[in-house]
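Taking it in order: structure first as structure tokens, then the write-up.
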Amino acid sequence: MDFGKIARKWREKWERSGIFEADPDERPKFFATFPFPYVNGVPHIAHAFTFLRNEFLARYKRMRGFNVLLPQGWHATGGPIVSAALRIREGDEKQKKILISCGVPEEEVEKFSDPSYWVRYFPRRWREDFSSLGGSVDWRREFVTTSLNPAFSKFVEWQYLKLREKGLVKKGTHPVVWCPKERKVVGDHDRPDEYAGIVPEESILVKFRQGNIVFPCITFRPETVYGVTNLWVNGKAEYAEIRIGEEVWIVSRSRVEEFLLQKGGGEVVKTFPGSDLVGLAAVNPETGDSVPILPSEFVDPDFGTGVVMSVPAHAPFDYAAFRKAVPEGEPVQVIEVEGYGGCPAAEICGDVTDRETLERLTKKLYADEFYKGVMKVGKYAGMRVSEAREKIASDLLNSGKAERYFVLPERVKCRCGSWTVVNILRDQWFLRYSDPAWKKEVHRCIGRMRFYPPEIEKNLRKAVDWLRDWACAHKHELGTPLPFDRDWVIESLSDSTIYMAYYTVAKYLEHPEKYGIDVNRLKPSFFDYIFLGKGDPAEVSAENSVPEDLLKEMRKEFLYWYPLDFRNSGKDLLQNHLVFFLFHHVAIFPESLWPRSVSVNGWVKVGGEKMSKSKGNFITLREALERWGPDPVRVAEAYAGSPGLDDANFDPEFVKTAAKRLVWFFSRFSELYGSGTEERKEIDDWMETRINKRITEVASLYEKTEYREVIDRLLFDASSDLSWYLKRGGRNSEVLRRFFETHVLMLSPIAPHFCEELWESMGKAGFVSLESWPEAGEVDGKVEEKEELVRTVLEDLRELKKLVKGEWKEVRIYTAKSWKYRARDLARKVEDPVKELMKDSEIRKQGKEVVRFVASLLSAPRGGTLSEEEERSYLTSASDFISSEAGCPVSVVRGDVSESPKALRAEPAKPGIEVII
RNA sequence: GCGGGGGUUGCCGAGCGGCCAAAGGCGCCGGACUCAAGAUCCGGUCCCUUAGUGGGUUCGCAGGUUCAAAUCCUGCCCCCCGCACCA
């Protein structure tokens, strides 16, 4: 079966008829979105997995009578594309290879030195691949972000004007990793990989003084300021004297640049060797003690300020150096820790001096002191260190004895090759996510929403609480300029917050020429009207040169589609994008337009392993589609996992299984659809019931986005039902017809091309994609139980085949003694079934047996609900079938009329079987 | 550290008080079909026992609640993910 060919055929038909182009009508609507992906590469199967979780639901909802909108846009805002383009310009081979591995012809690679070329090239690729996959997307609403798309940019600008009006954006300062040579912020994508993820840490700079000379000491443990015995400098390093106003600061020479950036300026007076400082003294600002300045080779002149306060009682490095420098000196204990004596550092490190061990011990001691330690001296004596630290820090800061200072925990190289420093940006724009009133509204929004799976609500609420102000604009990146400060470009997460609203009118704004709109003339009033209903249509029309009727239509269309019904993304977006998305919706839109649900899925592994290029298990969507065809891939993606934080697993082996199952289904279909007889048997009732139950069950699985279960039901359970039905002699043409029709319908959201093909083979007009979900008929509870009885007998016979050798002459099947049925029923209703049963003189004869049976029933309820007559008559009617399996005649005997040991042992739902040899 | 999610039989993965030795898939083993391979179909896949409906030991570890626990409670061990200015 050529899945690729079938898919192409139907994709063309869908496109020609435009069936996924959704416009408002009388039906209820359903609006689902997959967050626009960042288009610096091609889609792989993990993208497809997340997209399909929207797609499957969209197709299902369409069948439930909803007018479904599934649009798709592309994200290009931010730095990675810009820096990748730069690398191409610089001739970076690694970057070239990446492009070539995406399928870019080698001779075209050069074109990618222009960032805008990426934005033209990759969205096209994504669209092709998503279409090939069978995505039921309304492509008229496709768009890219950034100022390369003026219409979208206008929309983002409008949003920021609104936020500013509401006071939700403000200016502030912000520490960043900074390249002094290129004079720019160094994000992860601007560094060699090994430096990724390192960010500035806030520390306290304590100002030790000698007159107007300041010795700035960096510390993460301000509480130890009480235990300082001396300061350390590196005698072999170069230091500098910097004048700032009346003060003179001493900083190691290699840190001068960072220091000046963070202090906002100063004048380097002179430089000199660190050894010149040795022997001087400085005053501890907190205790007033004067402490000597001593040399230590442990001092890293490239970290912090190159001046360090020494706390030998609590810091292993200081202790090791202190012992050497001041053998007779006495460390000063300021923290008391359970399990340690008067000088914890001494105890823990003895006379160790090697750097590695000291580092390990430092970690341990710092942790012990923080969590278990209690302050021994100072204002907060008696308080736990974990509480005192913050208080001491803020006291020091407030009294001017210390300042905030940012340091990099490890050195970071810029891609240009220079070492970076920490800079403080002073005119950074922030979104005021810390605003409690704003947070409160977001929580209210969450309270009205539905989550898939429900547990993620907790994660989301936590993220809302933890969110601080967010630096929302950058420089030198792609995006939309901040309308009130055009040097800044709105950062990538910050322009992706309410764009789902843009989809509702994108079909107009992305094709303005068709509607006579000039997007360059659009003003905020236009968006005010469309999205907020503000303003007089006639005036808005005049101001924006958009016909009044069109304006009204757009407003209507927005209100038709909004709010968003469903948004599924990878779990990585939970704590950032999805939270921002909620914040901005509550800020801009009225409550009635807040999002209705959010869904997430885990990472996608391939064959049980994390997908990575180096492992060779990296599969692009295009590769997968070419290798296996869209429907098998879709089935395998559906089967890969359920909603939630757990990882999904795309199993290449399973794609083959999926294809085989589909082929199996197809060949059964070809053989049986339209064939069969009029004759109606009991097994037909069973099959009908199974079909009906499955319709209901699969519907609820789709609603819960449990697609893996859907595949289980449709591809495995259903086929085993069909096999059983055929084995039992089922051939009713109506039942067969219904089986195939309902299952094709139910499977169509996941394997749409395949199902279209079968639908057509059935002689049906129109697309299965536009059909309604099948109606579930009556479910007969007993018929399944009856059939289960036959299965039980068959399994037992199979066992006996192995054990009873010789030629079988006859098989007798015994129902249980009738008192056992009564006992079974009574055991469910009555407190003391034994007593009740014993009232019957016939039963009383069985005495002991009754007690034993009832006791076992109470400990393990069982026995079904069928009566003896029902069991016997059903088994009788199935006796031909059973006999053909047994290979000899079969008789069904009422348990009450036999004293055979097999009859005595029979129980309800568990007939006794006797083989006559 | 803070926060979140988990540990189920060879693997993946359901189950979340009793019909649970535990669905389904994959893998593996046997059989049928075939010249053969593949595909397909049938059967098996914790151990023991047995003319089946029986027993034993299992669901990270250790306790506890209950007539009854993979499922509830307590403690412990282990694994994964997020912690930001970045897509």
Side-chain angles (χ1 to χ4, degrees), chain A residues 35 37-40 75-81 174-177 185 187-189 196-197 199 367 370-371 386 425 428 430-431 433 453 455-456 458-460 462-463 465-474 477 491-494 496 571-577 579 602-603 605 607-608 639-642 644-649 651 653-654 656-658 660-661 663-664 667 706 708-709 711-713 715-717 720 723 727 788 792-793 795-806 816 855 857-864 901-902 905-907 909-915 917:
Chain A
Y38 188 68
V39 286
N40 61 341
H75 195 36
T77 307
I81 287 177
H174 184 58
V176 291
V177 180
V185 178
D188 272 354
H189 50 269
V199 295
F370 183 68
Y371 295 106
S386 50
L425 298 184
Q428 177 68 55
F430 286 91
L431 284 161
Y433 290 145
E455 299 83 67
I456 64 169
K458 257 184 285 175
N459 296 258
L460 216 46
K462 264 284 176 277
D465 291 335
W466 280 88
L467 199 61
R468 303 200 297 263
D469 289 348
W470 179 266
C472 63
H474 287 174
E477 293 193 346
E491 169 275 338
S492 120
L493 285 172
S494 307
S496 311
K571 65 175 173 183
D572 48 326
L573 299 189
L574 192 62
Q575 270 111 323
N576 45 59
H577 164 70
V579 176
W603 305 119
K605 294 184 182 175
Y639 196 71
S642 292
L645 285 336
D646 292 342
D647 289 347
N649 184 30
D651 186 353
E653 281 304 309
F654 187 81
K656 294 179 205 160
T657 303
K660 284 187 225 161
R661 292 279 85 193
V663 170
W664 182 90
S667 65
E706 304 265 10
R708 184 187 170 102
E709 298 292 314
I711 293 301
D712 252 333
R713 295 296 102 79
L715 250 35
F716 298 107
D717 294 358
S720 88
S723 298
K727 189 172 177 179
E788 202 45 47
T792 305
V793 168
E795 271 168 35
D796 291 346
L797 277 177
R798 203 171 286 144
E799 280 298 309
L800 289 171
K801 276 266 162 157
K802 285 188 276 182
L803 297 164
V804 187
K805 302 296 175 193
L857 271 185
L858 288 177
S859 74
R862 62 198 130 92
K902 300 299 170 190
R905 280 217 253 163
E907 285 184 12
K910 201 73 189 166
I913 298 172
E914 186 171 25
V915 180
I917 320 177

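Just so it is clear, the model here is predicted, and its values are computed rather than measured. Both backbone and side-chain heavy atoms feed into the values below; hydrogens, waters and symmetry mates do not. We name chains A, B, ... by the order of the sequence lines, and we start the count at 1 in each one.
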Sugar-phosphate, base or nothing in reach of A:Asp465, heavy atoms under 4.0 Å: nothing

A:Gln575 side chain vs A:Asn459 backbone, donor-acceptor pair below 3.5 Å: no

Distance in angstrom units between A:Arg713 CZ and B:G25 P, rounded: 11 Å

Nearest-0.5 Å distance, CZ of residue A:Arg661 to CZ of residue A:Phe654: 9.5 Å

Selected nucleotide, minimal atom distance to A:Val185 side chain, candidates B:G24, B:G82, B:C86: B:C86

Sub-4.5 Å side-chain heavy-atom contact between A:Lys571 and A:Trp603: yes

Pairing residues for A:His577 by the side-chain hydrogen bond (donor to acceptor under 3.5 Å, both in side chains) criterion, not counting sequence neighbours: A:Arg567

Base versus backbone protein contacts along nucleotides 41-48 of chain B [heavy-atom cut-off under 4.0 Å; B, S, -]: S-S-----

Atom P, compared across B:C46 and B:C77: separation rounded to whole Å: 34 Å

Side chain of A:Gln575 (C-beta onward), nearest among B:G82, B:C81, B:G24: B:G82

Pairing partner of B:U40 (Watson-Crick or G-U wobble, both distances under 3.5 Å): B:A32

For A:Leu797, the option from A:Thr792, A:Ile913, A:Val804 that meets side-chain contact (heavy atoms from CB on, under 4.5 Å): A:Ile913

For atom CD of A:Glu653 and atom P of B:G27, their distance in whole Å: 6 Å

Distance between P atoms of B:U65 and B:G10 (Å, rounded): 31 Å

Sugar-phosphate only, base, or nothing, as touched by A:His474 at under 4.0 Å among non-hydrogen atoms: sugar-phosphate

Sugar-phosphate, base or nothing in reach of A:Pro37, heavy atoms under 4.0 Å: nothing

Rounded distance in Å between the P positions of B:G27 and B:G38: 13 Å

Of the listed nucleotides B:G52, B:G24, B:G4, the one nearest the side chain of A:Asn459: B:G4

P gap between B:A70 and B:C76, integer Å: 23 Å

Pairing residues for A:Glu788 by the salt bridge (Lys or Arg N to Asp or Glu O under 4.0 Å) criterion, not counting sequence neighbours: none

Under 3.5 Å donor-acceptor, A:Asn649 side chain and A:Asp651 backbone: no

Watson-Crick or G-U wobble partner of B:G17, both distances under 3.5 Å: none

Rounded distance (Å) that lies between atom C1' of B:C85 and atom CD of A:Glu477: 10 Å

Minimum-distance nucleotide (side-chain atoms of A:Leu467 versus B:G82, B:G4, B:A84): B:A84

P spacing across the pair B:C12 / B:G63, given as an integer number of angstrom: 27 Å

Any residue meeting side-chain hydrogen bond (donor to acceptor under 3.5 Å, both in side chains) with A:Ser496, in chain and number order, not counting sequence neighbours: A:His75

For B:G24, the Watson-Crick or wobble partner whose two distances fall under 3.5 Å: B:C12

Per A:Trp470 side chain, nearest of listed nucleotides B:G52, B:C2, B:C85: B:C85

Criterion side-chain contact (heavy atoms from CB on, under 4.5 Å) on A:Glu491 and A:Trp470, from CA distance to verdict: CA-CA 10 Å; A:Glu491 169 275 338; A:Trp470 179 266; 3.1 Å; yes

A:Asp712 and A:Tyr639, any side-chain heavy atoms less than 4.5 Å apart: yes

Gap between atoms NZ and C1', on A:Lys902 and B:G52 respectively (whole Å): 7 Å

Pairing nucleotide - B:C83, Watson-Crick or G-U, each distance under 3.5 Å: B:G1

Partner nucleotide of B:U74 by Watson-Crick or wobble geometry (both distances under 3.5 Å): B:A62

Sugar-phosphate, base or nothing in reach of A:Thr657, heavy atoms under 4.0 Å: sugar-phosphate

side-chain contact (heavy atoms from CB on, under 4.5 Å) between A:Leu425 and A:Val185, worked out: CA-CA 10 Å; A:Leu425 298 184; A:Val185 178; 4.2 Å; yes

Nucleotide nearest A:Lys458 when distance is taken to its side chain, options B:C26, B:C85, B:G4: B:G4

Separation of the P atoms in B:G13 and B:G7, to the nearest angstrom: 9 Å

Most 5' of A:Gly864 and A:Pro901 on RNA chain B, judged by nearest nucleotide: A:Gly864

Non-neighbouring partners of A:Asp717 that pass salt bridge (Lys or Arg N to Asp or Glu O under 4.0 Å), sequence neighbours left out: A:Arg713

Sugar-phosphate, base or nothing in reach of A:Phe654, heavy atoms under 4.0 Å: sugar-phosphate

Between B:A84 (P) and A:Leu573 (CG): distance, integer Å: 16 Å

Atom pair distance, as rounded to whole Å: CG in A:Asp572 and P in B:A84: 15 Å

Integer angstrom distance from the P of B:C29 to that of B:A37: 14 Å

Shortest side-chain distance from A:Arg468, nucleotide among B:G52, B:A84, B:G25: B:A84

P-based separation of B:G55 from B:G5 [nearest Å]: 40 Å

5′-ward residue of the pair A:Asn576/A:Lys462 relative to RNA chain B: A:Lys462

Whole-Å distance separating the CD1 atom of A:Ile917 from the P atom of B:A51: 11 Å

Nucleotide of B:C81, B:A51, B:C2 approaching A:Leu803 most closely (side-chain heavy atoms): B:A51

Base versus backbone protein contacts along nucleotides 9-18 of chain B [heavy-atom cut-off under 4.0 Å; B, S, -]: ---BS----B

Protein-nucleotide distance (A:Glu491, atom CD; B:C85, atom P), rounded to Å: 10 Å

Side chain A:Asp712 and base B:G24 donor-acceptor under 3.5 Å: no

Sugar-phosphate only, base, or nothing, as touched by A:Gly641 at under 4.0 Å among non-hydrogen atoms: nothing

Worked verdict on A:Tyr433 versus A:Cys472 for side-chain contact (heavy atoms from CB on, under 4.5 Å): CA-CA 11 Å; A:Tyr433 290 145; A:Cys472 63; over 6 Å; no

